[in-house]
Trainee: 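First the structure, then my questions, so here it is.
Chain identifiers are assigned alphabetically (A, B, ...) following the order of the sequence lines, protein sequences preceding nucleic acid strands; residue numbering begins at 1 within each chain.
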Amino acid sequence: MPPKSSRAVTDKSPGTTARSPELLLGIYRLLLKCRISDEKARILFRQGKYGGNFYSAVGQEATNVGAAYGLRDDDWIAPSHRDWTSNIIKGAPLKFCFAQLFAKATSPDRGRSSPAHMGYPPLNVITPASSIAGQLSVGTGVAFGLKKHGRDSVVVAFFGDGATSTGTFHEALNFAGVHKLPCLYVCANNRWAESVPLRLQTALENLSDRAKAYGFPGVTVDGNDVLAVHDAAQAAVTRARAGEGPTLLECKTYRWYGHSEIDPAKYRTKEEVEGWKKKCPLAAFEKQLLDKKILTEAQKGQIASEITAEINAAVEFAEESPYPDASELADHVWAERGA
Amino acid sequence: MPPKSSRAVTDKSPGTTARSPELLLGIYRLLLKCRISDEKARILFRQGKYGGNFYSAVGQEATNVGAAYGLRDDDWIAPSHRDWTSNIIKGAPLKFCFAQLFAKATSPDRGRSSPAHMGYPPLNVITPASSIAGQLSVGTGVAFGLKKHGRDSVVVAFFGDGATSTGTFHEALNFAGVHKLPCLYVCANNRWAESVPLRLQTALENLSDRAKAYGFPGVTVDGNDVLAVHDAAQAAVTRARAGEGPTLLECKTYRWYGHSEIDPAKYRTKEEVEGWKKKCPLAAFEKQLLDKKILTEAQKGQIASEITAEINAAVEFAEESPYPDASELADHVWAERGA
Amino acid sequence: MARTLTLIEAVNEALLQEMERDERVFLLGEDIGGSGGVFKATAGLLDKFGQDRVLDTPLAEGAIIAVAIGSSLVGWRPVAEIQFADFITPAMDQIIQQASKLRYRSAGGFSCHLTIRVCCGGGGGSGLYHSQENAMWFAHEPGLKVVMPSTAYDAKGLLLSAIRDPDPVIFFEHKRLYRTAKGEVPEGDYTVPIGPAAVRREGRDLTILTYGSLTQPSIDAAGQLAQKGVEAEVVEIRTLAPIDKETILNSVRKTSKVLIVHEDKRTMGFGAELAAIVSEEAFEDLDGPIVRVTGPDVPAIPFAPPLDKAWNVDTGAIVATAEKLAAY
Amino acid sequence: MARTLTLIEAVNEALLQEMERDERVFLLGEDIGGSGGVFKATAGLLDKFGQDRVLDTPLAEGAIIAVAIGSSLVGWRPVAEIQFADFITPAMDQIIQQASKLRYRSAGGFSCHLTIRVCCGGGGGSGLYHSQENAMWFAHEPGLKVVMPSTAYDAKGLLLSAIRDPDPVIFFEHKRLYRTAKGEVPEGDYTVPIGPAAVRREGRDLTILTYGSLTQPSIDAAGQLAQKGVEAEVVEIRTLAPIDKETILNSVRKTSKVLIVHEDKRTMGFGAELAAIVSEEAFEDLDGPIVRVTGPDVPAIPFAPPLDKAWNVDTGAIVATAEKLAAY
Ligand SMILES: Cc1ncc(C[n+]2csc(CCOP(=O)(O)OP(=O)(O)O)c2C)c(N)n1
Ligand SMILES: Cc1ncc(C[n+]2csc(CCOP(=O)(O)OP(=O)(O)O)c2C)c(N)n1
Ligand SMILES: [Mg+2]
Ligand SMILES: [Mg+2]
């Protein structure tokens with residue numbers, strides 16, 4: 001079978017019409033939760049509450065929320081360094097998410113991984129390595145294993161534009177294409193890999209064209225339009241569950257802040273950053289919901305304060321949790337050395 | 001600039017019209033030289049004249065000859081395990097080619113590499129490693145270096161269908177696309193990677209589609225039609241010399257024999273093999289030239305006997321050459337340890 | 001019932017029996033199906049188990065290991081093949097950054113239950129890119145286990161252990177041994193535990209620490225040495241990681257002299273760690289230098305017969321060095 | 001004229017001066033241009049030399065090394081950066097199968113004149129994937145040279161040697177030293193040869209063999225030991241490959257005791273080779289076991305502060321072990 005050629009979906013999403021208010025409010029709540037959690041994580045880092053680094057995804061929330069909203073518990077997420085909030089989206093309790101930043105003994109990995117490099121085994125979020133595109137390796141393998149079981153669960157793997165230059169990306173997606181794996185490859189194309197601009201990363205205009213090398217569909221959407229992302233993702237998930245194989249979903253978006261909290265990001269122009277801030281994925285969606293009266297100002301305030309309360313409790317939990325003990329250093333190296 | 005989309009050139013080449021007899025006879029002579037040399041190499045292996053292994057390219061001559069015919073001395077070739085004859089095409093004296101098979105001290109690498117893994121530094125043929133796609137790494141780097149010098153030399157890198165699954169392939173071609181390097185990537189798609197059929201290697205019909213991921217042209221030609229290959233290659237070389245960047249040229253062809261001389265190739269059907277043998281690139285071209293009277297039967301016999309004489313002398317040279325001495329084992333590890 | 005099998009037959013039998021016993025086990029790699037493997041280690045398995053359990057993969061070692069890792073997360077027991085150790089380098093990121101560290105970085109939340117079979121070593125005329133060993137890189141990486149059998153019996157028993165082991169095990173098969181190592185192998189199920197070294201010959205005058213292709217030459221050397229009145233103890237390190245210090249140190253305490261023998265390059269070869277362990281933990285018992293007989297510091301084994309031969313560490317070299325050490 | 005520079009300033013100056021002196025030198029890597037490098041090792045160089053000589057590459061370590069190798073074949077002198085040693089694994093095929101073996105496999109017909117700068121080691125809170133050393137893999141591979149300076153002076157002088165060296169040199173820069181190692185650095189051109197180890201402190205009672213981030217703690221430890229009447233000689237192995245046996249053995253012959261100190265994991269760490277050399281070639285001179293003080297056998301340095309700290313080999317541990325050894 002010749003591959004379906006990629007199609008670039010640049011037109012606006014159909015908007016809020018004909019969708020249930022529950023869905024729309026669910027998405028809204030999650031967008032907001034990611035935004036506030038992420039901003040909180042940044043503040044905590046700047047306050048010196050934890051070390052290492054944090055990779056903010058503020059500005060990109062529509063991509064992660066749109067792609068992962070509605071996944072089932074038995075679905076998998078393979079996140080990268082900028083996808084700490086994918087744990088939140090998948091349903092991990094916030095207290096564990098903040099405990100992870102603080103590297104406390106109550107975090108899922110007992111403080112081993114760097115902040116933001118979070119997985120959550122009970123809900124199949126794979127603990128990421130920093131090694132770029134590594135999650136595409138592991139995620140593709142999981143998809144292969146799921147298909148082998150005959151299950152209809154899917155894997156959603158997140159990564160950036162830079163990751164598409166790696167050999168790991170190619171080997172994973174080529175394999176997925178050959179075996180029509182139930183995997184959704186979601187590229188948050190934020191136009192920068194640390195300080196390297198897209199034009200030094202690829203000769204392509206649309207990274208979804210990379211899918212043409214693997215014989216499965218590649219789709220480009222406005223990554224700041226949460227419903228556009230969600231529609232495209234749901235179509236891909238449906239395809240995947242039906243055994244029709246993977247999809248590469250490119251979401252054009254932007255990170256508002258530096259690569260990490262210690263990056264002043266001087267390599268970008270003010271105009272570029274301001275231009276993207278005007279396309280705030282949260283504000284745009286909020287306005288839609290307010291305009292259509294699906295959300296009221298009162299509700300909005302209430303949702304925000306519920307989230308803030310939850311975050312505050314989570315931060316408190318994290319702060320009060322103990323660090324792992326030095327004696328744990330060599331635990332979990334091999335199975336015999338489990339704690 | 002959006003990438004030019006690949007075009008599949010499946011129509012027949014324009015044939016012999018409007019080409020100089022010198023060109024046609026030059027190509028013919030080289031096709032024949034490759035064929036007879038390759039068959040001789042196989043016989044010598046079977047006679048136990050050298051050990052290791054040999055990777056015959058009989059059946060694929062039109063791909064290598066068509067792509068590399070007419071390259072300049074200052075152009076480069078980055079060959080793989082099946083491209084021993086690319087040394088012959090580039091102009092390396094036959095005696096060195098056979099000395100290489102025999103791993104004699106008179107071979108360019110003084111017997112270090114396995115048979116068939118031959119390079120020829122004086123004419124810029126890069127000594128290959130077995131590591132599949134490694135030549136794409138080194139070749140792409142050379143192309144970058146050439147462009148940096150402002151020279152108009154080009155690199156022709158040969159590889160198989162299997163090699164296109166490697167991460168190395170992806171990283172090299174992506175880099176070449178970003179920097180519009182003067183490199184011609186020639187894929188001899190012989191439908192098998194050892195025993196692995198194409199359908200387990202890729203979901204694609206045409207491997208030239210891989211170029212769509214890199215923003216430069218991908219072209220598919222009949223790899224058994226030497227003029228079709230030559231035309232496509234020359235167009236790509238012209239592009240490359242003019243600074244317009246790389247081309248991926250897929251040549252659909254077939255290896256008549258096993259992966260190597262010790263592979264009985266039972267994984268292929270007799271029909272498949274016989275079908276391809278009927279499309280012999282040498283016989284087809286020879287018939288064209290005879291039909292058009294560009295070649296006469298007498299000339300044909302003479303060329304064949306000239307080549308045979310040259311090969312016999314080369315084999316004699318190789319046989320009479322000494323092996324490298326055991327004392328050379330640790331030479332050329334580092335520059336200080338040059339011989 | 002035991003029969004005489006070659007090492008490669010033992011590998012094949014272990015794979016076959018474990019696939020019969022455990023439906024979760026499947027094989028993946030290049031040319032393992034349609035052709036039964038370059039050396040026929042997997043011959044017959046595709047016919048018996050079908051493509052679902054014997055998967056010929058794209059030519060991409062990184063993807064092979066990736067799929068093994070990921071599928072193990074959902075309960076499979078993959079046995080991946082890397083056709084030649086020389087071609088394990090494209091999979092280094094997957095092995096080192098993913099497989100060896102996934103259990104650790106998730107504090108046991110995820111783990112990699114997988115086996116990587118790797119054909120390694122010189123075979124006489126294999127050349128620069130079909131003769132590398134490359135095992136020592138992995139012995140440096142906690143989280144991995146590294147195994148290399150030298151007998152048919154151990155090949156089957158250790159491979160069964162490896163496939164059942166909950167951690168990533170890299171299982172090296174030396175190509176020179178595939179058909180030269182023959183021995184009694186029980187028909188039924190048995191395991192040889194990962195970890196313990198094997199004392200292949202007892203002796204009191206010196207200890208030869210070795211593994212892989214030089215185990216038998218070391219045993220042969222010990223035979224010749226006995227005729228000269230030197231009783232060498234031969235300890236085969238079947239598991240390179242984790243190392244069985246106890247067996248090594250017990251032997252050294254008895255013999256007081258250590259000769260390390262391996263085919264791989266000398267500098268930073270696996271023998272370095274053996275020497276370090278002994279010189280740290282059995283210093284008082286040592287009556288002579290710890291001597292290494294190894295391959296040379298050359299990138300890999302070159303092809304031309306005289307060069308290939310010049311690399312070879314043979315029984316003669318072991319005997320000569322051992323004699324000198326015994327007389328020390 | 002010498003001024004006080006940090007190690008990273010010395011690296012930056014070496015790059016700048018060599019690029020001015022030799023037009024064939026160019027830099028390539030991730031984030032070395034627009035941002036001047038994660039640690040600012042290449043700060044200012046893009047502005048000064050332009051994109052033709054300071055190239056921000058795609059995120060592909062294999063391609064970075066590939067381009068370095070290939071361009072060196074046509075006369076360039078590339079200096080490639082691998083942002084963190086943890087991310088060198090995707091380039092293993094290029095480094096091991098291409099760079100280290102190209103000269104050998106072509107009998108000198110081709111060669112790789114290139115330098116690979118790698119930021120390595122723990123920095124206190126760097127975590128599992130920004131703290132690996134991974135230098136020892138390469139010390140096993142003849143054809144490569146492996147260098148790791150611990151002083152600003154050596155950083156500049158060794159980097160200039162590396163860039164001028166006709167073979168592939170992997171130049172490790174320990175991130176903990178970037179701003180903590182400060183010292184006098186001549187303004188002008190000078191080289192520190194690749195190869196020789198440096199005796200950092202003379203002593204007669206024991207030899208500390210070390211490198212990288214534990215050089216200064218070892219010197220500090222020697223200072224503390226002196227107050228306790230133990231005179232330790234500190235030898236810094238600035239070049240891990242090829243190893244300067246002579247300096248090491250001379251020191252051991254004088255002191256008769258050896259303590260090996262490194263941050264990297266213990267098993268198969270670089271210290272293993274040092275122990276093996278000494279126990280083979282200076283056995284007669286040894287008056288005590290060869291002791292290693294190293295990082296633990298754990299995949300990499302975990303992030304949580306107590307775990308990070310638990311990894312740390314510090315002056316206290318060196319002093320304590322050295323005292324015991326001296327008293328042996
Ligand atoms: C293999 C590897 N190389 C380099 C790095 C260092 N690094 C971390 S993030 C990053 C850029 C990633 O860019 P992109 O994929 O676009 O994701 P983004 O950060 O923009 O979300 C780099 C180079 C790494 N973590 N892994
Ligand atoms: C990295 C690597 N993996 C595996 C091999 C073993 N191997 C040698 S040739 C080959 C198949 C190559 O297939 P293809 O690229 O189609 O080239 P062809 O042999 O058909 O010309 C394989 C798997 C290798 N040499 N290098
Ligand atoms: Mg990005
Ligand atoms: Mg092929």
Side-chain angles (χ1 to χ4, degrees), chain A residues 76 78 105 107-114 117 119-122 124 126-149 151 153 155 166-168 170-179 181 324 328 330-339, chain C residues 23-24 26 28 52-53 55-78 80 90-114 141-145 165-169 194-195 241-242:
Chain A
W76 289 67
S107 77
D109 67 353
R110 299 191 67 82
R112 281 171 161 71
S113 297
S114 294
H117 290 78
Y120 190 64
N124 296 340
I126 303 169
T127 316
S130 296
S131 194
I132 290 293
Q135 74 280 13
L136 302 179
S137 273
V138 182
T140 299
V142 168
F144 180 82
L146 292 170
K147 175 156 187 170
K148 218 170 148 53
H149 279 301
R151 296 187 195 144
S153 326
V155 178
T166 64
T168 300
H170 178 72
E171 294 194 2
L173 273 74
N174 184 56
F175 192 97
V178 171
H179 291 282
L181 300 186
E328 294 186 29
D331 290 347
H332 298 298
V333 173
W334 290 281
E336 299 89 278
R337 284 217 214 144
Chain C
E23 286 198 339
R24 298 168 301 177
F26 75 98
L28 73 167
D52 270 0
R53 299 189 64 197
L55 179 69
D56 275 328
T57 64
L59 206 171
E61 285 75 12
I64 293 171
I65 304 305
V67 169
I69 294 169
S71 59
S72 83
L73 294 195
V74 288
W76 299 101
R77 301 286 177 256
M92 285 297 275
D93 199 49
Q94 277 67 32
I95 298 175
I96 302 293
Q97 308 305 353
Q98 300 299 332
S100 84
K101 298 182 175 66
L102 186 52
R103 179 187 294 280
Y104 190 75
R105 76 171 185 251
S106 65
F110 296 104
S111 61
C112 298
H113 188 131
L114 63 90
E141 300 304 323
L144 301 177
K145 294 177 180 175
D165 193 283
D167 284 311
V169 181
I194 293 177

Trainee: Can you tell which of Ser107(A), Gly145(A), Pro108(A) has the highest number of heavy-atom pairs within less than 4.5 Å of chain C?
Mentor: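 Of Ser107(A), Gly145(A), Pro108(A), Gly145(A) has the most heavy-atom pairs under 4.5 Å with chain C.
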Trainee: Which atoms of His117(A) are under 4.5 Å from chain C, going by heavy atoms: the side chain, the backbone, both sets, or neither?
Mentor: neither
Trainee: Trp76(C) versus His149(A): any side-chain heavy-atom pair under 4.5 Å?
Mentor: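 Result yes, sub-4.5 Å side-chain heavy-atom pair found.
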Trainee: Counting only heavy atoms closer than 4.5 Å, note whether Ile65(C) contacts chain A via side chain, backbone, both or neither.
Mentor: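 No part of Ile65(C) comes within 4.5 Å of chain A.
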Trainee: Tell me, side chain or backbone of Pro128(A) under 4.5 Å from chain C's heavy atoms, or both, or neither?
Mentor: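 Backbone only.
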Trainee: Please name the residue in the list Val67(C), Asp165(C), Val169(C), Ile69(C) that meets the side-chain contact (heavy atoms from CB on, under 4.5 Å) test with Leu114(C).
Mentor: Ile69(C)
Trainee: Do Gln94(C) and Val138(A) come within less than 4.5 Å of each other through their side chains, counting heavy atoms only?
Mentor: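 A side-chain contact is absent here, since even the closest heavy-atom pair is not under 4.5 Å.
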Trainee: Against chain A, label Leu59(C) side chain, backbone, both or neither, depending on which of its atoms sit under 4.5 Å from a heavy atom there.
Mentor: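 Neither the backbone nor the side chain of Leu59(C) comes within 4.5 Å of chain A.
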Trainee: For Gln98(C), which atoms come within 4.5 Å of any heavy atom of chain A: side chain, backbone, both, or neither?
Mentor: side chain
Trainee: Quick one: of Pro168(C), Ala68(C), Ser100(C), Gly108(C), who has the most non-hydrogen atom pairs under 4.5 Å with chain A?
Mentor: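 Between Pro168(C), Ala68(C), Ser100(C), Gly108(C), the count favours Gly108(C).
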Trainee: Shorter than 4.5 Å, heavy atoms on both sides: which option in Leu144(C), Thr57(C), Asp52(C) has the most such pairs with chain A?
Mentor: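 Counting heavy-atom pairs under 4.5 Å, the top option is Leu144(C).
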Trainee: Does the side chain of Ser71(C) reach to within under 4.5 Å of the side chain of Phe26(C), using non-hydrogen atoms?
Mentor: yes
Trainee: Under a 4.5 Å cut-off applied to non-hydrogen side-chain atoms, are Pro242(C) and Lys145(C) in contact?
Mentor: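 Sidechains of Lys145(C) and Pro242(C): in contact.
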Trainee: What part of Ser111(C) lies closer than 4.5 angstrom to a heavy atom of chain A: side chain, backbone, both or neither?
Mentor: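 No part of Ser111(C) comes within 4.5 Å of chain A.
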Trainee: Do you know which of Ser130(A), Ala129(A), Ser113(A) has the most heavy-atom pairs with chain C at a distance under 4.5 angstrom?
Mentor: Ala129(A)
Trainee: Quick check: do Leu102(C) and Leu73(C) have side-chain heavy atoms less than 4.5 Å from each other?
Mentor: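 When only atoms from C-beta onward are counted, Leu73(C) and Leu102(C) do touch, with a gap below 4.5 Å.
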Trainee: Heavy-atom distance under 4.5 Å between the side chains of Pro166(C) and Trp334(A), does that happen here?
Mentor: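 In short, these two side chains do not touch, never coming nearer than 4.5 Å.
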Trainee: Any side-chain heavy-atom pair from Lys101(C) and Glu141(C) closer than 4.5 angstrom?
Mentor: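 They are in contact (side-chain heavy atoms under 4.5 Å apart), so the answer is yes.
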Trainee: When heavy-atom pairs shorter than 4.5 Å are enumerated against chain A, which of Gly109(C), Ser72(C), Ser106(C) gives the highest number?
Mentor: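 Of Gly109(C), Ser72(C), Ser106(C), Ser106(C) has the most heavy-atom pairs under 4.5 Å with chain A.
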Trainee: Top residue by heavy-atom pair count (under 4.5 Å) with chain C, among Asn124(A), Asn174(A), Val142(A)?
Mentor: Val142(A)
